[in-house]
Amino acid sequence: MKQNIMRLLSAAVLISMLALTGCGDRKAVAISPFTELSWNASVDDMVKAEGDGYETYDSIYQGTTYTYSKKYLEKEGQIKYMYDGNGKLCNVSWSYTGETPDSVMTVYRDVCKDTEKIHGKSTSDDGVGNYGQIWNTAGGTVMANAVITNDVRVMQIAYMSKEVSKMQTK
């Protein structure tokens with residue numbers, strides 16, 4: 001009886017592990033909490049995940065940037081997927097523009113708390129009207145920043161691949 005229980009427990013653990021990892025090709029890990037894509041995502045993968053309602057402009061990486069409206073942490077913002085000239089995804093960011101300085105700071109703090117849960121403590125460089133935090137990860141650099149002036153009230157979090165990051169090693 002005891003052996004049967006142990007076999008059932010072992011089988012349950014094995015089935016749970018297989019269910020979590022999947023069979024066959026493993027899906028790559030998502031870049032960030034506001035997209036399901038990974039760094040190896042093509043433009044076709046992006047369109048499949050986000051739809052074809054995007055706008056484009058030239059990327060700072062000599063490719064194309066695709067933008068969509070996207071909710072994150074219950075706030076409506078804009079997601080950007082930046083590809084380089086070879087069609088490689090380099091940067092994924094989400095930005096929020098607020099009506100008031102307080103609305104931007106609230107979203108900035110919430111985004112930083114969420115990012116800290118995922119990546120741990122950041123380094124920060126907070127200043128008057130401009131706020132920033134950086135996380136160096138195995139996959140690249142994550143940077144959250146907020147700019148609050150009389151004319152601009154915006155915050156952004158960007159995930160940059162290690163190929164385009166200026167990561168500093170300790």
Side-chain angles (χ1 to χ4, degrees), residues 20 27-61 63-84 87-168:
L20 290 173
K27 183 179 178 183
V29 176
I31 296 168
S32 76
F34 47 85
T35 183
E36 62 188 46
L37 298 181
S38 66
W39 289 122
N40 61 357
S42 67
V43 172
D44 289 340
D45 295 331
M46 178 201 66
V47 171
K48 184 176 178 184
E50 300 287 354
D52 58 5
Y54 55 81
E55 293 184 22
T56 63
Y57 59 89
D58 291 342
S59 165
I60 61 172
Y61 307 107
T64 304
T65 298
Y66 298 82
T67 65
Y68 295 88
S69 291
K70 180 91 173 209
K71 269 192 175 181
Y72 174 48
L73 298 177
E74 303 300 317
K75 297 293 183 185
E76 193 65 44
Q78 185 178 63
I79 191 169
K80 299 174 191 171
Y81 294 97
M82 297 178 138
Y83 287 85
D84 69 13
K88 174 131 177 64
L89 185 58
C90 299
N91 183 314
V92 176
S93 64
W94 181 84
S95 61
Y96 170 80
T97 303
E99 293 295 317
T100 66
D102 286 343
S103 68
V104 173
M105 282 308 298
T106 298
V107 174
Y108 172 75
R109 287 185 188 115
D110 290 347
V111 166
C112 289
K113 284 178 193 173
D114 192 50
T115 306
E116 195 166 283
K117 287 179 193 174
I118 298 165
H119 298 293
K121 189 144 176 66
S122 71
T123 58
S124 66
D125 182 20
D126 293 345
V128 178
N130 296 296
Y131 304 87
Q133 295 193 45
I134 297 171
W135 293 263
N136 292 317
T137 72
T141 301
V142 180
M143 183 170 38
N145 55 48
V147 176
I148 300 171
T149 67
N150 289 335
D151 299 323
V152 178
R153 290 170 297 282
V154 65
M155 71 78 43
Q156 176 175 278
I157 182 162
Y159 281 70
M160 295 167 277
S161 70
K162 54 186 168 180
E163 291 81 13
V164 299
S165 294
K166 291 185 178 181
M167 297 187 310
Q168 295 180 1

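Nothing fancy with the numbering, it's 1 onward along the sequence. The analysis underlying the following values was restricted to heavy atoms, covering all of them including side chains, and did not include hydrogens, waters or symmetry mates.
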Grab the two heavy atoms, one from [X] and one from [Y], that are nearest each other, plus how far apart they are.
X      : Y      : answer
Ile118 : Pro33  : CD1-CG, 3.7 Å
Val92  : Thr35  : CG1-CG2, 4.2 Å
Val29  : Ser38  : O-CB, 3.1 Å
Tyr108 : Gln133 : OH-CG, 3.4 Å
Tyr83  : Leu89  : CD2-N, 3.4 Å
Met155 : Trp94  : SD-CZ3, 3.9 Å

(request) For residues Tyr72 and Tyr96, establish whether the separation of their ring centroids is below 6.0 Å. (result) no
[X] [atom1] to [Y] [atom2] distance, which is reported to the nearest 0.5 Å:
X      : Y      : atom1 : atom2 : value
Glu116 : Lys121 : CD    : NZ    : 6.0 Å
Met105 : Cys112 : CE    : SG    : 8.0 Å
Thr65  : Lys80  : OG1   : NZ    : 7.5 Å
Cys90  : Tyr61  : SG    : OH    : 6.5 Å
Leu37  : Ile31  : CG    : CD1   : 6.0 Å
Arg109 : Asp114 : CZ    : CG    : 16.0 Å

(request) For Ser103 and Thr100, test the side chains for any donor-to-acceptor distance below 3.5 angstrom and give the result as yes or no. (result) yes
(request) Consider only side-chain N and O atoms of Tyr81 and Glu50, and report whether a donor and an acceptor are under 3.5 Å apart. (result) yes
Donor-acceptor under 3.5 Å ([X] side chain, [Y] main chain):
X      : Y      : value
Ser165 : Met160 : yes
Arg153 : Glu99  : yes
Asp45  : Ser42  : yes

Is any side-chain heavy atom of [X] closer than 4.5 Å to a side-chain heavy atom of [Y]?
X      : Y      : value
Thr115 : Ile157 : yes
Val107 : Leu73  : no
Lys88  : Trp39  : yes

(request) Check the angle between the aromatic planes of Tyr54 and Tyr68 and answer parallel, tilted or perpendicular using the 30° and 60° thresholds. (result) perpendicular
(request) If the plane angle is over 60° it's perpendicular, under 30° parallel, otherwise tilted; pick one for Tyr159 and His119. (result) tilted
